[in-house]
Protein chains: 2
Amino acid sequence: MTSQAPTRKHDRADQTRKKILRAAVREFSTHGLSGARTDAIAKSAKVNKALLYYYFKGKQGLYAAAVEEVSAEVVQNALAALDPSFSAGERLLRSALNHFDRILTQREFQSLMQQEMVRLRQGSGEALPVFFRTVFRPLLEKLQQAVAEGIGSGELCEVDPLQVMYSIFGANVFYFLSAPMMQLALPFNPFDNEALSLRRKAMVEFLGTALFTDRANGAVHAHRVLAHMPMPKPGIAPPSITGLRGRRNAL
Amino acid sequence: MTSQAPTRKHDRADQTRKKILRAAVREFSTHGLSGARTDAIAKSAKVNKALLYYYFKGKQGLYAAAVEEVSAEVVQNALAALDPSFSAGERLLRSALNHFDRILTQREFQSLMQQEMVRLRQGSGEALPVFFRTVFRPLLEKLQQAVAEGIGSGELCEVDPLQVMYSIFGANVFYFLSAPMMQLALPFNPFDNEALSLRRKAMVEFLGTALFTDRANGAVHAHRVLAHMPMPKPGIAPPSITGLRGRRNAL
DNA sequence: TATAATTAACTATCCAGTTAATCAATGACT
DNA sequence: AGTCATTGATTAACTGGATAGTTAATTATA
């Protein structure tokens, strides 16, 4: 429709494939695997439902493809934050900020991964290995390496390397995970730009004082890293508390 | 069935009501609201399905009742850890341990609450307000109070009170949430008793050094609290990676 | 006998996946 | 170049099974 003149058949096909994938990412990330409706995906992609089965083998296959699609976009940034030209401690602080920002800008990825985690717990997770292979493992390795290096050089306290990871990721994930609940508790909206910015700051500062042997040094690093990494604008619309989007049976 | 002699009609009714509720808690916590099957609940409670609609208005109503049921069991412990006869810092460490142990022993509660959090994000959460009212708010208030008191007395660093909460809960929640993924990364199972015990220890020690102005003092507190609060045995079977439990359509 | 508890059987609907037919490039062969 | 069969892309309409919720009859108790 957009460019019709010399549209090779192949090109058009690739295009619709992409359209389906994008629609699938949207639907799956907001409704989960079992909550997503194939009809909805087809409609949202303006495509006949049978095409989902033509291009991807079925709902499962489409889900897997969506997961793969969304994972691919994530890795580079994460590894850039771990550039070895920074000191070990600074790499950790950068990674923490980067993680926060990624949740902010790539909600779909985060949503899919969280759903996948609770899903695996009850059986049947084929997508988690994908996350693990493409994103988690390379990151984890570099993080542990940074911690070891930081402890060795005396820059960081002697902490369990895993604890560092749980502190960084845990606090960030939990901030967004608990936001709906916190909305009930707080006098402001945790998704407001100001609230996000404050949290981001508090988080890095906390890690600075917690991880560095010299707390003052940690504070300095936190300050510097914050100055170097401004908060990005949220990628998609803030999470909508909109009701059931017209679907009758959410049970 | 258990005591048949003078079983008042009323008693038997209450009994079956309870049976249904317990079955519902099991089913909902392992499969989520939409994943749970009313037939499965009825069968597991050894009761005709129509009774679910007789006692509770429907699936939604049953879900709400299950949430209420499971929340009731949680609060006392949590508040006991915040006994004001302990110093502010110690209360925080105790709360952190208590939270860890609660996740360990009351998986059903945790599972339901997490599911509820991701659900609310996409609309339609009636159960979260229950969690909030009965569990979250009272706890949050006391925690913030403890932080303020600790900072005032000079025992604790000047941290954002919310940051403390995110650190405590976030790390714990994330540990269990990420366990399936970590199983792929680690040479041991994060649900092994030994792994759990080590994590629990590392977590409190980290908080000790992170929160207290005097790190040595924090370490002492951490040590003492660990000695006073032994790790309980996990309440239910470790999370089963069992596949789809025979249900055909998990999509 | 009236009322509460319980059941078997049924209905309605939703929804993943299929089928068979149509449409449109492509390129092979005049 | 023009034609047409082949193959890939796309569709409308359907199927079957799963499952939330209902109903009307039955049992047991007070």
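Chain identifiers are assigned alphabetically (A, B, ...) following the order of the sequence lines, protein sequences preceding nucleic acid strands; residue numbering begins at 1 within each chain.
Counting only residues at least two apart or in different chains, salt bridge (charged side-chain N to carboxylate O under 4.0 Å, His left out) contacts with residues 94-103 of chain A comprise A:Glu90-A:Arg94, A:Asp101-A:Arg200. Legend: side-chain hydrogen bond (donor to acceptor under 3.5 Å, both in side chains) pairs involving residues 129-139 of chain A, not counting sequence neighbours, sorted by first then second residue: A:Glu68-A:Arg133. Residue pairs that meet the side-chain hydrogen bond (donor to acceptor under 3.5 Å, both in side chains) test with at least one member in residues 43-56 of chain A, sequence neighbours left out, are A:Thr16-A:Tyr55, A:Arg26-A:Ser44.
As rounded to whole Å, 6 Å separates atom P of D:dA20 from atom CG of B:Asp39. B:Gln60 places its CD atom 8 Å from the P atom of D:dG21, with the value rounded to the nearest Å. If you take CG of B:Leu62 and C1' of D:dT19, they are 15 Å apart, rounded to a whole angstrom. Taking atom CZ on A:Phe56 and atom C1' on C:dT18, their separation rounds to 18 Å, with Å as the unit. As a whole-Å value, the separation of B:Tyr53 OH from C:dT11 P is 17 Å. Atom NZ of A:Lys19 is separated from atom P of D:dA9 by 14 Å (rounded to the nearest Å). Computed from coordinates, the B:Asp11 CG to C:dA4 C1' distance equals 14 Å when rounded to whole Å. Between the CG atom of A:Leu52 and the P atom of C:dG17 there is a distance of 10 Å, given to the nearest Å.
Ring to ring, A:Tyr63 and A:Phe56 are not that close: their centroids are 6.0 angstrom or more apart.
The environment of A:Lys19 atom NZ is dense: over 12 non-hydrogen atoms of other residues, nucleotides or ligands sit within 6.0 angstrom.
The phosphate of C:dT7 (OP1 or OP2) has no side-chain N or O of B:Tyr54 nearer than 4.0 angstrom. Between B:Arg37 and D:dA20, a side-chain N or O to OP1/OP2 separation shorter than 4.0 Å is present. Contact check, A:Thr16 against D:dT10: a side-chain N or O comes under 4.0 Å of OP1 or OP2. Contact check, A:Thr38 against C:dC15: no side-chain N or O comes under 4.0 Å of OP1 or OP2.
Contact of the A:Leu143 side chain with the A:Pro161 side chain is not registered, since no non-hydrogen atoms from C-beta on lie closer than 4.5 Å.
For the pair A:Lys59 (side chain) and A:Leu52 (backbone), a donor-acceptor distance under 3.5 Å is absent.
Listed by chain and residue number, nothing satisfies the side-chain hydrogen bond (donor to acceptor under 3.5 Å, both in side chains) test with B:Ser178 (two or more places apart in sequence, or in another chain).
A heavy-atom distance below 4.0 Å to DNA chain D is reached by these residues of residues 41-51 of chain B, ordered by number: B:Lys49, B:Ala50.
Taking CZ of B:Phe191 as the reference point, atom CE of B:Met182 lies at 11.5 Å (rounded to 0.5 Å).
End-to-end axis angle for the helix from C:dT1-D:dA30 to C:dT30-D:dA1, using five pairs per end and rounding to 10°, comes out at 10°.
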